[in-house]
Structure formats: structure tokens, C-alpha cells
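Atom set for the values below is all heavy atoms of this structure, side chains included, hydrogens, waters and symmetry mates excluded. Only a predicted model underlies this, so the values are computations on that prediction, with no experimental measurement involved. Along the sequence shown, residues are numbered consecutively beginning with 1.
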Amino acid sequence: MSEFTVTVFRLAFFVLLWLFVFGVAGVLRRDIFGPRRGRKSRRGGSKSAPAPASRPAPAPRQAPAAAPIAHAHPGTIRVTDGPLAGTSLMLSGAPVTFGRAPDNTIVINDDFASSHHARISAQNGAWLLEDLGSTNGTIVDGSPMTGPVRLRIGTRITIGHTTLETRS
């Protein structure tokens, strides 16, 4: 091969290498700081990223028919396994968030937890658990979540090495 061809290949390899480095940096930024949110423009208006293509939301998991009707809605969530074991939090109506970022309600210092991993919120008189696009996912009663899950008493939620359980 001529010296020119080798130089072109070296330059192409160099460009591909830098594209890879920027891609890795972007993934790390999203994992550490969470997804980008709308930002203000200089004129004071709100400038948001374009909305992602909508896809049909999967149906939430239903509680088994044999579940007791009395005390069907949990009142507290307790950390049963992990570094925060024994921590308990009353569900009061405000959303409860989980993740590594310090602005979460329950901060989980775990390499397998995303900065904003999951959220529990009240909707239509029930508590729903949503995964916030975490990298490693959220496990509910031993199964990975595929959509919002309606919580009931005794539901076990696993985020990384931390396990939480809903209680009355």
C-alpha cells in the first residue's frame, strides 16, 4: 500500500476512535446526571427537546385475584436488604423517588442504581411504581418491570443490591 493510503486509514481510525470516546462520554453523562430536560432560551421562552415517538404503554400488572381486599393499599415502604436496611418511609401522597442522585427521596449508593432509577406515585387512589429508564432495570416480586406496576402490601422491589417491601 502507498503511504497516502496508510495515512487515510490512520485518519479514519482516529476519527472512529474519537466518535467512540464521545459516545461513551454521552452514555456516562446520561447515567450520572439523568436525561436532558427542557432548558430556557435567552428570550425567556421554554425550549424543549422534541418529544420522542410515542409507543403504546404496556398494561400494568394486575394484583392476583386472591389478594385480600382489606388493607390493599400500602402505607409504608421499608428497606429490607442492602446498606439502608431498616429504613422505613411513610407513603403520604408525594412521589417517592429512588436512585443515586442526592435529590432522590431514598438515595441508593449502588453501582447498579441509576441516578434517577424509579418512582412511586399516587394515581387514581393506588400507588404505582415506574422505572425511570434505568440502565439495569427494576425487579418487582422477582420479575423485571416492563411497565408501571400497581403496588399492594407485600410487594418486593429490588434496585441493584437494595430490596424494599411495601407494608400496611
Asn104 side-chain N/O to Val107 backbone N/O, donor-acceptor pair under 3.5 Å:
no
Would a hydrophobic clustering, with Ile, Leu, Val, Met, Phe, Trp and Tyr connected at side-chain separations under 4.5 Å, put Val6 with Phe9?
yes
Validation row: Leu16, Phe20 side chains within 4.5 angstrom (heavy atoms)
no
List the steps and the verdict of side-chain contact (heavy atoms from CB on, under 4.5 Å) for Arg156 and Val140.
CA-CA 6 Å; Arg156 294 180 59 85; Val140 177; over 6 Å; no
Out of Ile139, Asp141, Ile77, Thr162, which one pairs with Ile157 under the side-chain contact (heavy atoms from CB on, under 4.5 Å) rule?
Ile77
Within the distance-only criterion (no hydrogens, no angle test), does the side chain of Thr105 pair as donor or acceptor with the backbone N or O of Thr97 below 3.5 angstrom?
yes
Residues Val96, Met90; criterion side-chain contact (heavy atoms from CB on, under 4.5 Å); working and verdict:
CA-CA 10 Å; Val96 177; Met90 178 83 71; over 6 Å; no
Does the distance from a Lys or Arg side-chain N to an Asp or Glu carboxylate O, for Glu165 and Arg78, drop under 4.0 Å?
no
To the nearest 0.5 Å, what is the distance between CZ on Phe112 and NE2 on His161?
4.5 Å
Is there a donor-acceptor contact under 3.5 Å from the side chain of Ser115 to the main chain of Ile32?
yes
Once you round to the nearest 0.5 Å, how far does OG of Ser114 lie from CG of Asn136?
6.5 Å
Min side-chain heavy-atom separation Ile120-Leu151 under 4.5 Å:
yes
Got a sec: does the CG of Asp111 have more than 12 other heavy atoms crowding it under 6.0 Å?
no
Derivation of the side-chain contact (heavy atoms from CB on, under 4.5 Å) call for Val8 and Phe4:
CA-CA 6 Å; Val8 169; Phe4 177 74; 3.8 Å; yes
Is there a donor-acceptor pair closer than 3.5 Å between any side-chain N or O of Thr7 and the backbone N or O of Glu3?
yes
To the nearest 0.5 Å, tell me how far Phe98 CZ sits from Ile159 CD1.
5.5 Å
Between His117 and Thr138, is there a side-chain donor-acceptor contact under 3.5 Å, judged purely by atom types and distance?
yes
Classify the angle between the aromatic ring planes of Trp18 and Phe14 as parallel (below 30°), tilted (30 to 60°) or perpendicular (above 60°).
perpendicular
Measure the spacing between CD of Glu130 and CD of Gln123 and express it to the nearest 0.5 Å.
5.5 Å
Hey, quick one: are Leu164 and Leu89 part of the same hydrophobic cluster, counting side-chain heavy atoms closer than 4.5 Å, chains of contacts allowed?
yes
Looking at every heavy atom in both Ile153 and Ser168, which two are closest together, and how far apart are they?
CD1-CB, 3.5 Å
Inter-residue atom distance His116.NE2 - Leu132.CG, 0.5 Å rounding
8.5 Å
d(Leu84 CG, Asn109 CG) to nearest 0.5 Å is 7.5 Å
